[in-house]
Asks: 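What follows is a structure written as structure tokens; I'll ask about it next.
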There are 2 protein chains.
Amino acid sequence: MERIKPSEASTPASKWDQLATDWCPVARALSVIGDRWTMLIVRDCFLGKSRFEEFQKSLGVTRHVLSNRLKRLVEDGVLERNVYSTRPLRYAYQLSEKGRDFAPALVGLKDWGKKHMPIRKPAAA
Amino acid sequence: MERIKPSEASTPASKWDQLATDWCPVARALSVIGDRWTMLIVRDCFLGKSRFEEFQKSLGVTRHVLSNRLKRLVEDGVLERNVYSTRPLRYAYQLSEKGRDFAPALVGLKDWGKKHMPIRKPAAA
DNA sequence: GCTTGTACGTTCTATTTCCGAACGGAGAAT
DNA sequence: ATTCTCCGTTCGGAAATAGAACGTACAAGC
């Protein structure tokens with residue numbers, strides 16, 4: 001009956017982090033910006049947004065998750081956190097060069113969405 | 001003290017589904033292929049894979065999630081489920097035209113990953 | 001025949017993540 | 001002094017995911 005084969009696990013590393021070391025560049029890219037919200041945050045940056053509240057209102061994502069994603073994006077060098085006000089001390093999240101280089105990928109997504117995902121009405125009440 | 005403002009919710013529609021009706025084509029695209037694994041499945045399709053076991057081995061994703069994603073991709077018209085064997089009755093998941101049209105976006109991601117996410121070793125034991 | 005192997009899922013439970021809302025702090029405005 | 005804006009953090013419940021086993025259907029080997 002021993003159909004079981006536990007397999008020799010080694011570094012559990014959350015499956016998602018493992019992508020960062022994948023042989024495929026697409027997978028490695030996704031390990032950074034492949035999250036549900038992350039790519040939309042980057043999009044918003046391209047649209048000129050840069051502040052916590054702006055992202056939050058635009059996306060409707062929970063503040064907790066937003067905080068998390070921004071932190072990651074900064075760590076990964078996609079965004080830079082710059083002080084835009086010292087008095088209350090506020091930061092602006094802005095695209096780094098790495099982030100700006102993401103434009104072509106975003107355009108590819110935009111074109112595909114435009115062609116294959118026509119606008120639908122949000123479920124008429 | 002009434003700082004609370006419950007807000008008038010209407011259609012809970014899981015936040016992620018709401019993206020399908022977003023004004024932005026990028027968001028609408030992501031509502032379909034924006035999931036962690038979904039884009040990698042599509043990538044695998046471009047690499048010639050088409051069967052359940054192939055995806056499962058390639059990605060290491062759980063069978064449950066894979067089953068789910070494939071179902072969605074077929075529903076959304078990105079993949080087609082074609083019979084490749086009637087005797088044991090087996091299906092092959094293959095790119096539709098809509099799916100093949102995703103190539104440019106994937107290339108964009110690939111280029112970005114290649115440039116900005118150099119290969120790292122998987123955490124030397 | 002009976003067991004083993006392959007291909008495709010489905011089902012189960014424990015863990016992780018996410019959502020929704022409230023809380024907190026620091027200054028600005030009224 | 002109270003309210004408002006901005007930027008997060010914290011909390012409890014809901015949902016998704018991971019990991020492994022199970023089920024089915026057929027084919028092949030003994």
Side-chain angles (χ1 to χ4, degrees), chain A residues 1-19 30 34-38 40-41 44 49-75 79 81-94, chain B residues 1-19 31 34-38 40-41 44 49-75 79 81-94:
Chain A
M1 293 107 184
E2 315 304 293
R3 206 94 62 75
I4 307 97
K5 193 66 87 45
S7 87
E8 58 282 34
S10 51
T11 15
S14 99
K15 208 135 203 157
W16 192 233
D17 300 334
Q18 294 180 341
L19 285 181
L30 291 175
D35 176 84
R36 313 189 185 234
W37 300 109
T38 305
L40 290 175
I41 293 173
D44 271 5
K49 302 196 201 306
S50 70
R51 285 148 61 162
F52 193 92
E53 293 294 323
E54 289 182 304
F55 297 126
Q56 209 280 317
K57 263 167 212 149
S58 159
L59 303 177
V61 62
T62 61
R63 310 176 75 75
H64 177 50
V65 170
L66 176 57
S67 173
N68 233 291
R69 297 299 177 275
L70 288 173
K71 211 170 289 176
R72 273 173 160 279
L73 282 169
V74 170
E75 278 170 14
L79 298 185
R81 193 174 78 142
N82 303 315
V83 174
Y84 77 86
S85 159
T86 46
R87 293 311 335 288
L89 188 52
R90 294 286 145 73
Y91 300 97
Y93 296 90
Q94 298 169 313
Chain B
M1 286 111 187
E2 315 304 295
R3 207 93 60 74
I4 307 98
K5 193 64 88 44
S7 88
E8 58 281 34
S10 51
T11 15
S14 98
K15 207 132 207 166
W16 194 233
D17 301 334
Q18 295 180 340
L19 285 181
S31 78
D35 176 84
R36 313 187 185 234
W37 301 109
T38 305
L40 290 174
I41 292 174
D44 271 5
K49 301 196 202 305
S50 71
R51 284 148 62 163
F52 193 91
E53 294 293 324
E54 289 182 304
F55 297 126
Q56 209 280 316
K57 264 168 212 150
S58 159
L59 302 177
V61 62
T62 62
R63 310 175 76 76
H64 176 50
V65 171
L66 176 56
S67 173
N68 233 290
R69 297 300 178 274
L70 288 172
K71 211 170 289 176
R72 273 173 161 280
L73 282 169
V74 170
E75 277 170 15
L79 297 185
R81 193 174 77 142
N82 303 315
V83 173
Y84 77 85
S85 159
T86 46
R87 294 313 333 290
L89 189 51
R90 295 285 146 74
Y91 301 97
Y93 297 90
Q94 298 169 312

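Order of the sequence lines fixes the chain letters, A, B, ..., with proteins taken first and strands second; residue numbering starts at 1 for each chain.
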Asks: Counting only side-chain nitrogens and oxygens, does Arg87(B) get under 4.0 Å of the OP1 or OP2 atom of dA25(D)?
Replies: no
Asks: Please report, rounded to the nearest Å, how far the C1' atom of dC19(C) is from the CG atom of Leu19(B).
Replies: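 In whole Å, dC19(C) C1' lies 15 Å from Leu19(B) CG.
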Asks: Going by the side chain to side chain contact (heavy atoms under 4.5 Å, CB included) test, name the single residue among Asp44(A), Ile41(A), Leu59(A) that passes it with Lys49(A).
Replies: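 The residue from Asp44(A), Ile41(A), Leu59(A) that satisfies side chain to side chain contact (heavy atoms under 4.5 Å, CB included) with Lys49(A) turns out to be Asp44(A).
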Asks: Record whether the side chain of Arg63(A) comes under 3.5 Å of the base of dG8(D) through a donor-acceptor pair of N or O atoms.
Replies: yes
Asks: How would you label the contact of Tyr93(B) with the nucleic acid (heavy atoms, under 4.0 Å): base, sugar-phosphate, or nothing?
Replies: sugar-phosphate
Asks: Using whole Å, what does the distance between atom P of nucleotide dA21(D) and atom NE2 of His64(B) come to?
Replies: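 Taking NE2 of His64(B) and P of dA21(D), I get 17 Å after rounding.
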Asks: When you measure from the centre of the six-membered ring of Tyr91(A), is the NZ or CZ of Arg81(A) under 6.0 Å away and within 45° of the axis?
Replies: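 Geometry flag: set, cation within 6.0 Å and 45°.
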Asks: Asn68(B) near the nucleic acid: base, sugar-phosphate alone, or nothing, with a heavy-atom cut-off under 4.0 Å?
Replies: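 If one applies the 4.0 Å heavy-atom cut-off, Asn68(B) turns out to touch nothing in the nucleic acid.
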Asks: Rounded off to whole Å, could you give me the CD-to-C1' distance for the Gln56(A) and dC18(C) pair?
Replies: 14 Å
Asks: Atom CG of Asp35(A) to atom P of dT17(D): distance rounded to whole Å?
Replies: 11 Å
Asks: Rounded to the Å, how far apart are Asp17(B) CG and dA15(D) C1'?
Replies: 12 Å
Asks: Suppose we call a contact any N or O donor and acceptor under 3.5 Å apart; does that hold for the side chain of Arg90(B) and the base of dC8(C)?
Replies: no
Asks: With sugar-phosphate meaning primed atoms plus P, OP1 and OP2, does Trp37(B) contact a base, only sugar-phosphate, or nothing at under 4.0 Å between heavy atoms?
Replies: sugar-phosphate
